[in-house]
Amino acid sequence: MENRPDSGQDRRTVVSWLLGGGVAASLASFFYPVVRFVNPPAVSEASINEVDAGKAQDLKPNSGKIVKFGNKPALLVRISDTEWKAFSAVCTHLNCTVQYRESRHDIWCACHNGTYDLNGRVQSGPPPRPLEELVVQVRGDEVVISRRT
Amino acid sequence: MPATDPKNKTLDWLDERTGWRMVRDLADHKVVPIHAGTAWYYFGGITLFLLGIQVITGVLLLLYYRPSVAEAFDSVRFIMTRVEFGWLIRSIHSWSANLLILAAFVHMFSVVFTHAYRRPRELTWLTGIALLGLMLGFGFSGYLLPWNQISYFATKVGTDMAASVPVAGPAMARFLRGGEEVGAATLTRFFAFHVMILPLITFGLVGLHLLLVQFHGMSTPSGVSPSQLAHMKFFPNFFLREMVIWYGVLAVLGTLAAIFPWELGLKADPFASAPAGIRPEWYFLAEFYTLKLIPSHVWFFEGELLGLLGFGLLAAGWVALPFWATGRNGEHRARLVTAAGVFLICYLATFTILGYLK
Amino acid sequence: MRASAILFLLYWSLSVASAQDSCMTCHSAMEEGTKGPATLIKNDVHIAHGLSCADCHGGDRTSDDPTIAMSKAKGFKGKPARTAIPKFCASCHGNPDFMRKFAPRERVDQYELYETSVHGKRLAAGDTNVATCIDCHSVHDIRPVKDGMSPVHPLHVAETCSRCHSDKVKMAPYKIPTNQFEEYRTSVHWEAMTKRGDLSAPSCASCHGNHGAKPPQVESVAAVCGTCHVTFEALYDKSVHKAVFSGAGGGGGCIVCHSNHGIHQPSTAMLVGPNAVCSGCHEAGSAPAQTAAQMAAWIDGLDRALKQSETVLARAEEYGMEVSEAQVRLIDGRENLVKSRLALHAMDPGEMRKPIDAGMAIAKETLAAGQAALREKDFRRWGLAVSVLLIGIAILAIRFLIRRIEARP
C-alpha cells in the first residue's frame, strides 16, 4: 500500500487527460459545424430571382426557348432584334409547359390548346389566368431573366 | 514561482492597466447558499446560456439571411438545404428560442415561490420582468422572419390584437407593422427590432440585472438569514455544476435539432386564405385562447377590449408584485404571493393546453 | 256587371300608376293561368332591356282597354303555334339591324342553323315533338346564357337536352338511344365541369352544335375532339388508325376506343388485359397487340418508377429533410408520363421513347436525391450520437473534477 501514491497519481493523471480530452473533443464538436457553416457553399446564391438565360445571339428574332428559372420552367421570347419578353412557362390551366408559336406570334399550350398573347394574357382556350411575366435584361451579350419585384 | 517569471510579469502588466485582479477577487468572494431550494438558482444561468446560444446562432444566420419579402423565404431554404450545417444552426436557433422563453418563465416562477423579489431586490425583479417582455418581443419579431404562411398570418393576428387596444392600439399597430398591412415594411421593421433594437436594450438590461444580482448576492428563503446556512463558492464549485447543466442543455438542443428539425413551411401568400387553425406560438397561446373565449359583447363593453384590459391589469399587478407583497406594517404576504403564483401557473398552463386542443 | 265595373276601376287605378305596360298590369292581377307569364317575365332578359309582352305578342301596351290592347288591328298575335315559334323568335333575333340596338356582337344566324338541324328539319315537316327555341331557352323567363340559372348555361346544357333525349317514350318514334346523358354523367368531361367547375369542358352542344344540332359525321369525329385535344388529333392523323376508322363502317375515329358519351379516364388497361380495346380488332400475339403491350409496359414502368421516387422523398420529408426541390422536379417527371400517354396515339413506339426516357431519367434522379436525403438523415443522427457521447464524457469529467476539488477538507 505504501507504493500506491505514485501509481495512484499516474492513474489520476491518465484519467484527467482522458476526461480533459473529452471536454476538448466536445468543444471541437461544437466548433466544427460552426466553421463549416461560415464557409460559403459552392452555389452561393439561392438563385431563384435571377437567372442567366444564355447569349443574345443564340436566339433569333421571332423565336422562343425554355429556360430553367429556379425549379420551374420559364419561356424566353425574342420578338425582334431589340424586344424581348419572358414569362413563367407553367400553363395556368393544368400546369403543362407552354411554347412559343412562331407562325402565330403567340404562346401555345399543347395539352389543351390554350393560347396566350405576347403580354401573357389568355387569348383562347381553357387557361383561367394570364402567364406571370418576368423581366428580361440584356446586358451586352448576356440575357438575364429576373422576377418582377 | 519567482515574481520575475514571464507569466507573472504579464499578469502584473495587465493588472496595472486593467485591474483584473480586483474583479477576480470579487468573483472569488461570490458564494451560493446551500439549502433545499438551491437547485432553482440554476435557472437564471440557463436562461443566460440560452440567450448566448441565440446570439451566436443568430449572428451565424445573419451571414445568409436576407430580410426582404422576395428573398427571405428562399434564403432560409438556402440555409436549410445548401449551407453546411445550416439545418443545425437554424433548428438550434428556433428550438432554443422556445427553450429560452420556457426557462425565463421557470426562472421567474422560481423567484416568486422562493420570494426572492423581496426588499432590497425589487429592481432586480423589475429588470427581470422587462427582460421577459423583451424575450417575448424577440419571439414575436423573429417568428415573422422566415416569411412563411404560418408566420405571416400569426403576425397578422398578433398585430390585429394590438390594434384593438383602446386609444393607443391603432397607432401601436401601425408602428409595429410599418403601415396599414403586414407586408414588406413589417419584415424590415421586425428585422431591425430583432437584430438591433431589442438586442441593444436586452444587453443593457441583462447587464443591469446581473450587476444587481452580484451586488445583492443570492437571496435566501424567508426567515432564514444567510449566516445560518452553509455556502459553496461560486467559482469553481457552483460554476462547474452549471457547466454540467449547460452541457445537458446543449445535448437536449442537439437532439431536438437533429431529430425534429424546424420546418420551412410554405412561402407566405397574403392573398391565400389563412391556414385553418392558425394560432400563435405556445407562449402567446393562453392569451389568444382567452380572447377567443370571451363573448363578443359583455354588458355594453366589447369583449376583446375587456380581455385586453384584463391582461393589462394582470400584467401591471404582476410587475408591481414586490410592492404589494409587502404589507403596510412591513409584513411579507408570502401566502398571498404563493397563491397568486399558483393561480397564474394554472391559468397559463390550462389555457395553453386548451389552445392547443381546440 | 258588378265584376266588370270592379275590373274597370282596377284597370283605371292601376293605369294611373303605370300607364306604360298594360299587359303587365292586367295580367299580374289575374288568377293563375295568364298570371304565370306575368310573374315569370320579371326574370326575363328582354324585359330588362325595356321590351315588353307586346314586342313579341303584338298589341298595344299603352292601352288599358283589353279590346284595343289585344286587337288584331294592333298586331296582336296571341300564343304562336309550335311550328311557328322559331320564325317568331327569329323575327328579332335574325335581324341584325334590330339586334345591333341591344347586343351588337350577338349572332343572328341561329334560325339559319336551326333549319339545318335535325330538330329544324323535322319541325318543318310538321313534327311538333321536336325541340324549338322555347324548349331549351325557356319562355317568358329567358335568361342570358351566362346566367347561372339559364337552362342553356354550360353547366345545365346536358340536363336540358336530356329532358327529351333521355325520355324513352318521347324518343321511341325516332329509334334513337336514350342513354346518352346517363353515360355522359360517368364521363371525365362531366366531372371536369361539375367537380372542377371547368366551364370549358364539353357537353352536348360542344360536339353536336346547339342551334344546328346534328351528330358529327364519322370522318369529322376526330376533328371535333381535336378542337380541344389538338395534339392527340395531330398524332392520330399520322397514325395507321385514321384510315381504318374513317369511312363508312370505320367506327368513327376517337370514339372507337374512347366511346362517345361515356368517356372515362383512360389507362393502360385499355391496351392490355381483359378489358383491352385493342383486342377488339387485333388478335392476341399479333404484332400490333405486342406493340400495345410494349407501350403499356413502358407507361406502367414509368408510373411505378415515379411512385417509388415519391415514396422515398415523402419518407425523407417525414424525417424532416428538405426535399422540396426534388419533389418539384418530380412534377416534370409526371408531365413526361402525360406526354408519353399522348405520344401513344401515334401508335408508333418511336414517338413514345423520348418522353419515356426523359421521365425515367427524372425518376432516377429524384430517387437518388431521396436516397441521399435519407443518408444525410442517418449522418445527422450518427453525428448527434457522437456529440451526445462527447458531452457525456465532458459531464463526467466535470463531475470528477468537482468531486476532486471538494474532497479536500
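Below, chains carry the letters A, B, ... as their sequence lines are ordered, and counting in each starts from 1.
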| field | Flag side-chain contact, heavy atom, 4.5 Å: A:Pro41 against B:Tyr64 | value | yes
| message | Can you confirm whether more than 12 heavy atoms, excluding those of A:Lys85, are under 6.0 Å from its NZ atom? | response | yes
| field | Over 12 foreign heavy atoms within 6.0 Å of CZ, B:Arg21 | value | yes
| said: As an exercise, state the distance from CG of B:Leu63 to CZ of A:Phe37, rounded to the nearest 0.5 Å. | reply: 6.0 Å
| Is the count of non-hydrogen atoms from other residues, nucleotides or ligands lying under 6.0 Å from A:Ile66 atom CD1 greater than 12? | yes
| task | Grab the two heavy atoms, one from B:Tyr247 and one from A:Phe30, that are nearest each other, plus how far apart they are. | result | CE2-CE1, 3.8 Å
| Reported CG-to-CG distance for the pair A:Leu27 and B:Leu250, which is rounded to 0.5 angstrom | 9.5 Å
| field | Over 12 non-hydrogen atoms of neighbours within 6.0 angstrom of CZ in B:Phe203 | value | no
| remark: Cut-off 4.5 Å, heavy atoms of chain B, and the answer for A:Val23 is both
| field | Atom CD of A:Glu102: over 12 foreign heavy atoms under 6.0 Å | value | yes
| remark: Cut-off 4.5 Å, heavy atoms of chain A, and the answer for B:Leu60 is both
